[in-house]
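Every chain is numbered from 1, with letters handed out A, B, ... down the list of sequences.
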Number of protein chains: 2
Amino acid sequence: MTTSERKKIATEKAVDAQASALGVALVPPPAGAPKGALAAMEDEMFERIHEAVLDHRLPPGTKLKETALAGLFAVNRNIVRKVLARLAHFKLVELRPNRGAVVASPSVEESRDLFAARRTIEGAIIDCITRRVTPAQLRELRVLVKQEQEAYRRGEVRTGLKLSIQFHQALAEMAGNSVLADFLDQLIARTPLVLLAYRVPARDASCSNDEHSQILEAVATGDANRAVTAMKAHLQGLESQLNLREEEQSTDLGKILGLHRAEPILP
Amino acid sequence: MTTSERKKIATEKAVDAQASALGVALVPPPAGAPKGALAAMEDEMFERIHEAVLDHRLPPGTKLKETALAGLFAVNRNIVRKVLARLAHFKLVELRPNRGAVVASPSVEESRDLFAARRTIEGAIIDCITRRVTPAQLRELRVLVKQEQEAYRRGEVRTGLKLSIQFHQALAEMAGNSVLADFLDQLIARTPLVLLAYRVPARDASCSNDEHSQILEAVATGDANRAVTAMKAHLQGLESQLNLREEEQSTDLGKILGLHRAEPILP
DNA sequence: GGAATTTAGACTGTCAACATTTTACTTACT
DNA sequence: AGTAAGTAAAATGTTGACAGTCTAAATTCC
């Protein structure tokens with residue numbers, strides 16, 4: 001066996017590993033329509049990689065090779081590039097000129113800053129919403145919280161998390177500030193990454209929806225201060241689930257000793 | 001003269017108009033080095049269009065044709081595309097699928113939301129900075145304010161505006177939250193566009209740097225509440241220079257009557 | 001045996017031609 | 001005349017090939 005043949009096999013194994021991480025068999029061609037199918041594929045690619053990153057099936061630092069992804073999804077490298085740019089916009093991947101894209105590995109400071117930013121922005125959103133929420137909107141929010149609770153009760157964690165995100169986004173929407181809502185979208189997209197990067201293992205992953213209903217009731221009473229405090233406490237609770245205790249020593253040590261794998265699922 | 005010839009001329013005139021708006025003669029080839037010259041050209045393109053948009057030499061709604069820009073800067077359309085994507089990231093241009101890019105035309109609501117967001121974020125930044133600013137940093141900030149004042153005194157408005165922006169950015173930097181600093185960068189980039197879009201004509205454009213020094217002194221005393229109030233008042237003052245009084249009726253009317261030019265500098 | 005240099009392979013960046021969609025004009029019809 | 005369908009040009013989207021850059025294995029020299 002020549003060296004190039006060995007290498008070829010190694011590469012293919014790596015691609016296979018990423019393929020399984022992404023849940024892609026080899027070529028998932030959608031309905032036979034070659035019409036606007038590319039845009040759909042682009043969105044699907046974004047969603048798949050997005051979810052894989054948030055689930056840590058593609059751990060921070062994993063290299064995302066354009067050619068491999070292009071082959072996996074059976075699209076041109078240009079499409080891959082666009083998707084990677086979109087992911088980079090949300091800071092889920094990092095684009096290094098001439099050196100490819102990797103899954104973002106948020107630092108401890110970044111994680112703290114992110115939660116601080118969420119407290120700032122969601123605080124402002126809650127303050128705003130308390131003054132202008134309508135009864136119909138309150139009903140809508142209560143439905144969301146209820147659905148979330150039921151999802152968790154049924155053990156459907158994924159659904160619960162989705163509904164939890166929807167709750168936060170609905171609040172932003174109703175606050176009526178599109179700019180802040182946009183920023184919050186970016187923050188929400190990044191939150192699971194930092195949560196999973198630094199979470200202590202055996203802990204409940206969800207926004208405690210009990211806190212969600214507390215926030216909602218505070219909003220309903222029109223007491224802005226109480227509502228803002230409840231939201232900030234909620235986010236503080238989330239942050240405190242992490243172990244952001246600057247245990248970088250060990251991480252750095254691992255890197256220094258060459259024991260840290262830059263591409264965990266690749267050989 | 002055939003119709004196609006007439007059209008050709010019209011197109012060339014349009015390109016010329018954009019060229020002069022961008023301050024580009026025909027082909028500005030940098031130093032003979034074909035080394036990393038492309039990246040430099042990409043940055044220059046970004047800067048030129050950026051400034052042209054903020055100066056309203058390219059008014060909101062102006063179409064930015066890829067081919068025209070590619071010809072003007074003597075680069076490939078791919079490069080143009082990347083630059084347009086970067087500009088879209090800051091919401092200075094809008095990318096409409098299959099229909100090209102246009103200079104963003106922020107709505108009245110968007111402008112108000114933008115200023116509200118700035119008050120929220122810069123309020124948090126000031127609150128944070130008041131607790132942790134060092135004497136050295138205070139000195140640095142005082143130098144910035146002083147330079148800004150002198151620039152205005154000499155009548156160098158452009159320099160003054162640049163220094164004003166630097167002041168806001170320096171505050172964000174010193175607050176130590178990279179996420180909020182990043183958001184503020186985006187907001188600062190968009191502010192001049194909405195200012196110019198809705199400014200009442202004869203009014204002083206600058207951040208009154210008197211207010212800057214007031215903010216700075218409040219920070220220096222360590223009184224967080226006063227500092228935050230000063231910053232919010234400063235931004236409120238900026239916003240109040242606009243006429244955001246929902247005079248959309250006239251604008252909409254113009255559009256409805258077909259009197260509104262989508263591409264102001266094109267024939 | 002270990003470190004620096006060389007060299008082959010892989011990957012990203014760039015480009016120009018091709019395909020598709022939009023746009024605006026012409027032409028025909030009511 | 002005004003409107004609507006049809007058509008040609010222009011602009012955007014896509015593709016595959018080529019060029020430059022980085023990575024890493026292999027060789028050579030201490």
Side-chain angles (χ1 to χ4, degrees), chain A residues 1-15 18 33-43 45 61-85 88 93-102 258 261-263 266-267, chain B residues 1-15 18 33-43 45 62-86 88 93-102 258 261-263 266-267:
Chain A
M1 183 187 276
T2 70
T3 57
S4 72
E5 275 168 5
R6 252 187 283 122
K7 223 181 204 169
K8 189 76 176 297
I9 288 175
T11 299
E12 278 167 8
K13 263 171 65 181
V15 171
Q18 291 207 347
K35 192 75 177 177
L38 261 183
M41 179 58 88
E42 198 180 308
D43 287 349
M45 242 181 115
T62 307
K63 221 180 156 188
L64 299 171
K65 296 176 192 170
E66 294 180 1
T67 54
L69 289 172
L72 244 47
F73 287 89
V75 296
N76 195 281
R77 261 178 54 215
N78 252 323
I79 312 293
V80 177
R81 211 173 256 259
K82 274 201 277 183
V83 171
L84 290 176
V93 314
E94 187 188 350
L95 258 43
R96 305 166 305 174
N98 281 325
R99 304 196 48 224
V102 294
R261 298 176 295 176
E263 303 178 18
L266 303 178
Chain B
M1 181 188 281
T2 71
T3 55
S4 72
E5 276 168 5
R6 250 188 285 123
K7 224 183 210 168
K8 191 75 175 297
I9 288 175
T11 301
E12 278 168 9
K13 263 171 66 183
V15 172
Q18 291 207 348
K35 193 76 177 177
L38 261 181
M41 179 59 87
E42 199 180 309
D43 287 349
M45 241 180 115
T62 307
K63 218 178 160 188
L64 298 171
K65 297 176 190 169
E66 294 180 2
T67 54
L69 289 172
L72 244 46
F73 287 89
V75 295
N76 195 283
R77 261 178 55 217
N78 256 326
I79 312 293
V80 177
R81 212 173 255 260
K82 273 201 278 182
V83 171
L84 290 176
R86 263 169 79 185
V93 314
E94 187 189 349
L95 259 42
R96 306 166 305 175
N98 281 324
R99 305 195 48 224
V102 294
R261 298 175 296 177
E263 304 177 18
L266 303 178

Under 3.5 Å, N/O pairs linking protein and nucleotides 15-18 of chain C:
residue: dC15(C); atom: N4; partner: N78(B); partner atom: ND2; Å: 3.3

Does any non-hydrogen side-chain atom of V93(A) lie less than 4.5 Å from one of V102(A)?
no
Atom-to-atom span, CZ of R96(B) to C1' of dG13(D) - whole angstrom
15 Å
Of the nucleotides dT12(D), dT22(C), dT14(D), which one has an atom closest to the side chain of K82(A)?
dT14(D)
To the nearest angstrom, the NZ-C1' distance between K65(A) and dA24(D) comes to 12 Å
Candidates dG13(D), dG13(C), dC11(C) - which lies nearest the side chain of E66(B):
dG13(D)
With a cut-off of less than 4.0 Å, is there a side-chain N or O of K63(B) near OP1 or OP2 of dA11(D)?
no
Look at R99(B) and dT21(C) and indicate whether a side-chain polar atom (N or O) is within less than 4.0 Å of OP1 or OP2.
no
Atom-to-atom span, CE of M45(B) to P of dT14(C) - whole angstrom:
13 Å
The side chain of N98(B) lies closest to which of these nucleotides: dT22(C), dA11(D), dT12(C)?
dT22(C)
Looking only at non-hydrogen atoms, find the nearest pair between L84(B) and L95(B) and report the distance.
O-CD1, 4.0 Å
Nearest atoms (heavy-atom pairs only) where R99(B) meets R96(B)
O-NH2, 2.6 Å
In residues 70-78 of chain A, what donor-acceptor pairs under 3.5 Å come from side-chain atoms, sequence neighbours left out?
residue: N76(A); atom: OD1; partner: N78(A); partner atom: N; Å: 2.9
residue: R77(A); atom: NE; partner: E66(A); partner atom: OE1; Å: 3.1
residue: R77(A); atom: NH2; partner: E66(A); partner atom: OE1; Å: 3.4

